[in-house]
Amino acid sequence: MAQVTEPMAARTRRRSRTTGWSLTRRGQRLAALAFLLIVGWAMLVQGNAWLANRSIAATVPQGENILRLAVSGLRGELARYERLPDLMARSPVLTRALDPDVTQADIAAANLYLRHVTQLMGLSDAYVMTPDGTTVAASNFDQDLSFVGENFEYRPYFRDALAGMPARFFALGTTSGKRGYYFGAVVRDRGRILGVLALKVDVDAIEDSWRAAEYEMIVTDSEGIVFLASRRDWQFRSLNPLTPQARARVAATRRYDDEPLTVLPLRPTGTVGAHQTLRLDLPGAHREFVAVSEAMPEAGWTVQVLLDTAPARRQALTAAVAGLLVIGAALAGLMAWMQRRARLRERLSIQAEAQAQLEGRVATRTAELAQLNARLEAEVAERRATEAELRRTQRHLVQSAKLAALGQMSAALSHELNQPLGAVRNFAANALTYIDRGRVPEARDNVSRILSLTDRMTEIGRTLRNFARKPNAQLSEVDLHDVLRDALEVIAWRIGKREVDLQVDLPPGPLIVRAGPVRFQQVIVNLLSNALDALEGQPDATIRVSAQSASDHIVLSVEDNGPGIAEGLEDRIFDPFFSTKGVGSGLGLGLSISFNIIKDFGGELRLVRQPRGACFRIHLPRIGEPA
Ligand code: ADP
């Protein structure tokens, strides 16, 4: 019982331990999951930013190439016309047109010349001005927006040229409304300044080549105003709010005429390497660029290529997500592996625990068995000792019983023999006296009494001889009917004397058994005479002798309705010399002799318990088939 309850309690303890443990483990798992999510998110954000930076940086060389091409294109465009003004300014056609004595023909010639060169060189406009800035001849003389008569004294290219400086200027044409790059050159006649020649180069064509590209391109002037842009709506917008001074400077030269010059919402957000990232927030267009820029000091410009970062960012995000997925998968694999290991460990520990428990139980059981064994051995030893003691006691008892039997026998014999001997002595003495007195009849009577007494003593001697009989004397097949008839004859004298109802009930036909006929008869006489003794003085005395025949044996019963055998004496009545009858009435050998005789016949004599009286049964093997 102890082994049963102890492991159960242990199991309960373990289960409760397991529950608590699993609760904390669930908490730990949740915390770990949250931590992993946070780490994953941080990694995604950081990794994405890093990858985006790298991807964007990877686009920079492309931007630099584009920028280089664009700048050299611009430079080439400007260089193409650099020397042209000085060359043209030496033309006599123009000197004549600026001469104070100019004729209509001279003006017409100059107009034609300017138009010719304009067409030839692909210029936008070409015109000449007097030293006060008034245009006298122009390539567009015959057009609606002719410059002839217009005054451009305020333009820097005019002023610089007059001052003998290189005159270049970018501006929005105040008359034409078209942007252009202006070159100025002074026209002299033998050292005397006659006026200024101006050429305007169209920049629209340059800009056109930038459109529909995957990048944006802007060219800003020294004030940070965008004047060339791949997108039209970015033109004439400043990158930074203009200071009043800057506005005044721009207004003085009427560079951008009346354009409002609003701010282009392109603000820097960070850097990628040495390059700035810019964010554009126009209604309906939120874009981010990385700016690659180069200054063109000869023109006072800054050229910027704006590369859209969206594709790079998309690529980076894809890579980051893929990377995270790979890491996640690897982590999941790692966790699964660790979990499997943990489970395996757990299983092993459970197995070990079970094994230990089993071993413990086996050890306990073994110890118990050993204890039991020791106890059994002790018991066996004790039993052996008891047995030996018993045997010893038995031997003593047998010895005592023998002695007791001898004692009983000698007592019985001396009683049985002393009485008649005493009587014989008395009768003999009396007979002597009667003979002396000559009273012969009395003497004779006494002698005959002596004779009967000696007969009785002879009878006692015979009984004793029978007791000491030789077993296994000659047996023969006898019929029970015959044996019973002879026995009844022998005992008839006793029955005749008494009022006893003798009932004999034997089945018809021979009842053959193997027996010594005289001894068998003696047994039956014995049983009958015991019954008669028991029925002494009983009014309704009945003796019943019956036999039952079975296929292999015959049972003969002798029963009476006397007082029966007293309780506790059943075992003793078959003992030799056991008798309840008074001295002189029985030797106590009858049942003992009968028992042994029947045993010699291969049968059995038993006392059968019944409500009233005694019943003795003789079982004998049957010879021959029943009739
Ligand atoms: P004995 O007849 O000399 O006493 P037995 O051996 O024949 O010796 O019988 C032993 C005792 O068994 C008797 O003394 C008697 O007490 C008892 N006994 C035997 N037969 C009967 C019987 N039919 N009814 C009652 N007692 C009996």
Side-chain angles (χ1 to χ4, degrees), residues 401 404-420 456-469 484 487-488 490-491 493-495 497-505 518-547 555-600 604-618:
L406 262 176
Q408 262 183 330
M409 187 179 80
S410 43
L413 274 178
S414 60
H415 268 292
E416 287 298 317
L417 294 176
N418 278 348
Q419 246 186 344
R456 186 165 164 211
M457 287 193 283
T458 311
E459 176 65 29
I460 290 170
R462 201 171 52 239
T463 309
L464 279 172
R465 211 172 45 245
N466 274 350
F467 180 66
R469 85 212 179 286
L484 187 62
L488 286 174
V490 171
I491 199 92
W493 67 275
R494 275 196 72 183
I495 297 170
K497 279 209 281 185
R498 303 267 312 278
E499 289 215 348
V500 175
D501 181 13
L502 177 71
Q503 302 171 358
V504 179
D505 179 17
V518 180
R519 283 185 286 160
F520 196 3
Q521 178 194 321
Q522 189 188 337
V523 168
I524 296 169
V525 168
N526 218 331
L527 292 178
L528 286 171
S529 66
N530 272 346
L532 284 168
D533 288 346
L535 291 168
E536 191 75 59
Q538 193 169 310
D540 58 341
T542 309
I543 297 173
R544 186 179 145 78
V545 181
S546 59
V555 180
L556 178 74
S557 308
V558 178
E559 34 193 318
D560 62 67
N561 59 350
I565 312 295
E567 191 101 19
L569 297 182
E570 296 98 328
D571 294 333
R572 296 179 59 195
I573 53 168
F574 292 103
D575 289 347
F577 305 108
F578 175 80
S579 176
T580 58
K581 296 165 191 170
V583 175
S585 306
L587 269 176
L589 288 172
L591 283 179
S592 168
I593 292 167
S594 303
F595 183 88
N596 284 309
I597 290 170
I598 298 299
K599 210 168 122 189
D600 287 343
E604 230 183 329
L605 171 64
R606 291 181 204 157
L607 171 71
V608 181
R609 271 247 148 250
Q610 61 177 30
R612 194 179 164 196
C615 173
F616 289 90
R617 267 189 198 149
I618 298 166

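Reckoned from all heavy atoms, side chains included, excluding hydrogens, waters and symmetry mates. Note that ligands are numbered from 1 as they come in the structure, with each ligand's atoms numbered from 1 the same way.
- At distances below 3.5 Å, at least one donor-acceptor pair connects side-chain atoms of N561 with backbone N or O atoms of D540.
- Here is the list of ligand 1 atoms found below 4.0 Å of a heavy atom in F578: 10 (C), 11 (C).
- For ligand 1, the polar-atom distance check finds an N/O of S579 within less than 3.5 Å of one of the ligand's N/O atoms.
- The side-chain heavy atoms of V504 and L488, taken from C-beta on, include a pair separated by under 4.5 Å.
- Residue D560 touches ligand 1 through its side chain alone, judged by heavy-atom distances below 4.0 Å.
- For ligand 1 and A531, the ligand atoms under 4.0 Å from any heavy atom of the residue are 23 (N).
- Across the listed options L535, N530, D575, L591, L591 owns the non-hydrogen atom lying nearest to atom 6 (O) of ligand 1.
- For E536, the side chain to side chain donor-acceptor pair (under 3.5 Å) test picks out no residue, with sequence neighbours left out.
- Inclusion of S592 in the set of residues having an N or O under 3.5 Å from an N or O of ligand 1 is not warranted.
- At least one N/O-N/O distance between G590 and ligand 1 falls below 3.5 Å.
- R494 meets the side chain to side chain donor-acceptor pair (under 3.5 Å) test with D533; sequence neighbours excluded.
- For the pair G588 and ligand 1, a heavy-atom separation below 4.0 Å is found.
- Residues E570 and R609 are paired through a salt bridge, judged by an N-O separation under 4.0 Å between the basic side chain and the carboxylate.
- Interface atoms of ligand 1 facing G564, defined by a heavy-atom separation under 4.0 Å, are 25 (C).
- Close approach of ligand 1 to A534 is summarised as follows: ligand atoms under 4.0 Å from at least one heavy atom of the residue are 22 (C), 24 (N), 25 (C).
- Remark: E499 CD is loosely packed, at most 12 non-hydrogen atoms of other residues, nucleotides or ligands lying under 6.0 Å away.
- Side chains of Q503 and D501: a donor on one and an acceptor on the other come within 3.5 Å.
- Residue contacts with ligand 1, taken as heavy atom pairs separated by less than 4.0 Å, involve I565 solely via side-chain atoms from C-beta onward.
- Counting heavy atoms from C-beta outward, L591 and L527 have side chains that approach closer than 4.5 Å.
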